[in-house]
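In what follows, chains carry the letters A, B, and so on, assigned in the order in which the sequence lines appear, proteins first and then strands, with residues in each chain numbered from 1.
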Amino acid sequence: MTDAGQEHALAVDGLHKEYPMPGGGRLTAADAVSFTVPAGGSLGIVGESGSGKTTVARMLVGLVRPDAGAVRVAGRLRETRTPRGASARLARAREIQMVFQDPYVSLDPRLTSRQCLTTALRLHGRDDSLADGLLDRVGLGARESGARPHGMSGGQRQRLAIARALAVDPKVLVLDEAVAALDVSIQAQILRLLGEIRRDTGVALVFVSHDLAVVRHITDEVLVMRRGIVVEQGPTDGVLAAPDHPYTRRLLASVPRPGWDPAAVVGA
Amino acid sequence: MLLDIEHLTVRLPGTARPVLTDVTLRVASGEVVGLVGESGSGKSTTANAALRLLPGDATATGRITVDGTDVLSLTGDALRAHRSRTVAMVHQDPRSALNPVRRVGDFLTERLRGAGLDQRAARARAVELLAAVGLSDPERRVRQRPHELSGGMLQRVVIAGALAAEPRLLLADEATSALDVTTQAEILALLRSLRTSGGDRTPGMLFITHDLQLAAAYCDRVYVMYAGRVVEEGSADDLFARPRHPYTRGLLDCSPTLDTETREIRPIPGRPPSLADAFTGCEFAARCPWAEAACETWRPEPVALDGGGTAACRRLPVTGAATATATDTDTVTVTEGSVR
Ligand SMILES: Nc1ncnc2c1ncn2[C@@H]1O[C@H](COP(=O)(O)OP(=O)(O)OP(=O)(O)O)[C@@H](O)[C@H]1O
Ligand SMILES: Nc1ncnc2c1ncn2[C@@H]1O[C@H](COP(=O)(O)OP(=O)(O)OP(=O)(O)O)[C@@H](O)[C@H]1O
Ligand code: SF4
Ligand SMILES: [Mg+2]
Ligand SMILES: [Mg+2]
């Protein structure tokens with residue numbers, strides 16, 4: 001799947017995670033997940049609710065500790081434990097940043113947009129003055145730059161969350177259902193923004209979504225998960241145009257389109 | 001006409017514009033009618049109005065009838081019967097409709113008793129209803145509590161509850177939005193099967209969604225709302241193939257699809273207005289690629305389209321022609337810059 005010798009922005013090998021189940025036994029939330037993303041590349045993770053998408057995303061960032069497997073960023077192995085010491089932790093944060101579905105919970109309600117960015121920049125020893133360029137980059141204007149999270153729309157908060165992630169200048173940006181809660185007109189603006197950012201900065205995107213049409217538009221490669229297992233992976237165009245696995249076919253058949261009959265999906 | 005909303009305008013105190021402006025909308029028996037629009041456009045308010053569930057301080061003008069009954073003047077027992085028997089509502093989150101500590105069966109038997117059945121008959125009917133909405137092992141389900149069921153299963157329970165009173169009109173407000181696409185397809189197939197069920201008492205459905213692709217694929221007719229106003233109405237096929245109002249076109253142009261050729265996504269600039277935004281003319285003018293100065297003072301009204309349907313735009317001959325040149329400079333290909 002990958003060119004020999006090429007260094008990937010992100011290389012994931014054999015990630016595995018189990019959880020104990022309430023009634024005893026163990027649930028495999030993710031099994032043998034492996035993929036690579038080149039700099040400026042974009043990989044989608046799709047699947048139904050509970051298929052393990054978020055578990056994989058959180059293992060990449062280090063919010064969930066894998067039972068097995070390795071994550072490498074630009075060739076460097078990420079420790080499964082959060083390192084001690086501030087500078088090691090910051091260096092780790094510069095490798096992978098994450099944007100969640102609801103930015104509200106991850107933004108400090110006391111800080112204005114600009115303060116939010118300058119705080120992140122300062123923490124990583126970068127110049128405060130970069131904040132204005134970042135705000136501009138994600139399309140936040142003068143009013144929003146002085147506004148706090150509660151004074152902004154969902155789309156504006158999501159732009160700010162993306163700007164804050166970019167403030168760190170990460171190699172990899174992981175987005176978990178980051179456009180799912182947005183109106184379509186705003187979702188389209190954010191998708192365009194992500195396309196530009198990846199072209200201009202070379203950041204690699206991991207895009208977790210249950211929306212196949214969105215994934216079709218924003219990713220080069222896709223991974224289809226079902227009950228913790230990767231049932232199919234490959235170039236997005238190929239997988240979505242000619243799926244191999246019956247589960248992928250069923251997912252695709254379920255997407256509404258002209259002439260679509262939901263009863264036919266049920267019968268399938 | 002089963003549901004007939006005419007020139008409904010709803011105002012709330014302390015807001016710069018009405019929540020709903022001059023909304024006219026109809027649902028016939030056996031019809032599935034879509035109501036589409038972005039957040040805050042007034043979809044839920046429209047559906048709630050059919051139940052006379054408007055905020056206490058709201059003022060409404062216009063007329064709503066369901067099966068000939070004037071809804072806005074209903075009170076007391078007649079209003080209760082309207083809400084519990086004539087019309088049924090299914091919301092997005094089934095957990096909000098179900099008491100978490102009570103059994104799923106109690107939710108149904110309560111409604112059935114309200115519809116006049118005795119306890120024994122209600123219990124038997126509850127099991128039948130759960131089977132009818134496609135839940136396996138219905139005898140066991142009636143004894144389960146909400147936390148033991150998945151979201152899709154719970155939504156089936158809520159739909160079973162909605163059907164319990166054999167309503168004339170079903171209001172589905174984002175009823176499948178929280179579900180997986182596969183589960184959504186199952187629930188939609190189920191909902192559609194209802195309309196073939198019962199002679200001249202065949203129910204009609206108002207299907208609310210923010211997903212235009214879904215509305216186009218699923219409904220017979222579709223209304224598109226923007227800032228509290230119906231901006232376009234037409235058969236689902238027409239609306240999808242030949243959108244006429246600039247907002248409808250904008251919605252279609254910015255929705256990603258599974259099309260095999262890479263279609264560009266053209267975002268609509270700006271964002272949907274809030275109730276604090278007042279307008280002197282067309283509500284869409286600030287975001288519209290065809291807007292002219294005169295649009296800012298034009299009071300929108302539905303214009304009949306040849307081939308059926310209406311659109312509230314003063315530049316329809318222009319917007320009907322080919323594609324928008326005004327947006328070409330804004331065109332982007334989200335998937336460009338592929339590095340494979
Ligand atoms: N902390 C946890 N403890 C126990 N089980 C968990 C935990 N986190 C996730 N799981 C389980 O792991 C499985 C995968 O969950 P995950 O959140 O990764 O799915 P997902 O694909 O992101 O779903 P969704 O689309 O609903 O967000 C699910 O069965 C879930 O219940
Ligand atoms: N009880 C209320 N008091 C004040 N404002 C309200 C009330 N209910 C709704 N609104 C406002 O009325 C407008 C229309 O709301 P409505 O819920 O009908 O929109 P919607 O199209 O259903 O949106 P969504 O897709 O987010 O559900 C919004 O601006 C909303 O904030
Ligand atoms: S009336 Fe004018 S501003 Fe409104 S939709 Fe039509 S062209 Fe656009
Ligand atoms: Mg998830
Ligand atoms: Mg609503």
Per-residue contacts, residues 172-186 of chain A versus chain B, heavy atoms under 4.5 Å: A:Asp183, A:Val184, A:Ser185, A:Ile186
Close contacts, residues 177-188 of chain B versus chain A, judged by heavy atoms under 4.5 Å: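 So far as heavy atoms go, B:Asp180, B:Val181, B:Thr182, B:Gln184, B:Ala185, B:Glu186, B:Leu188 are the residues that approach chain A to under 4.5 Å.
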Best-contacting candidate, B:Ser274, B:Gly270, B:Gly40, against chain A by heavy atom pairs under 4.5 angstrom: B:Gly270
Salt bridge (Lys or Arg N to Asp or Glu O under 4.0 Å) between A:Arg137 and A:Glu196, intermediate numbers included: CA-CA 9 Å; A:Arg137 160 95 272 186; A:Glu196 288 169 0; 3.4 Å; yes
Option that, when pairs with chain B are counted at under 4.5 Å, heavy atom only, ranks first among A:Pro258, A:Gly139, A:Gly47: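 Among the listed options, the one with the most contacts to chain B is A:Pro258.
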Aromatic plane relationship, B:Phe284 with B:His245 - under 30° parallel, 30 to 60° tilted, over 60° perpendicular: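 Answer is tilted, since the angle falls between 30° and 60°.
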B:Arg95, CZ atom: more than 12 neighbouring heavy atoms under 6.0 Å: yes
Flag if over 12 foreign heavy atoms under 6.0 Å of CZ, A:Arg257: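 Yes.
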A:Asp102/A:Arg157 under salt bridge (Lys or Arg N to Asp or Glu O under 4.0 Å): CA gap, chis, key distance, verdict: CA-CA 9 Å; A:Asp102 181 6; A:Arg157 285 197 290 267; 5.2 Å; no
Between [Y] and [X], does any NZ, NE, NH1 or NH2 come within less than 4.0 Å of an OD or OE carboxylate oxygen?
X	Y	answer
A:Glu144	A:Arg159	no
B:Asp238	B:Arg221	no
B:Arg229	B:Glu283	yes
B:Asp237	B:Arg242	no

Atom group of A:Asp261 that falls short of 4.5 Å from chain B, counting heavy atoms: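 Contact with chain B is through both the backbone and side chain of A:Asp261.
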B:Val90 side chain reached by B:Asp173 side chain, heavy atoms, under 4.5 Å: no
Verdict with reasoning, B:Arg271 to B:Asp277, per salt bridge (Lys or Arg N to Asp or Glu O under 4.0 Å): CA-CA 11 Å; B:Arg271 64 167 157 122; B:Asp277 299 308; over 6 Å; no
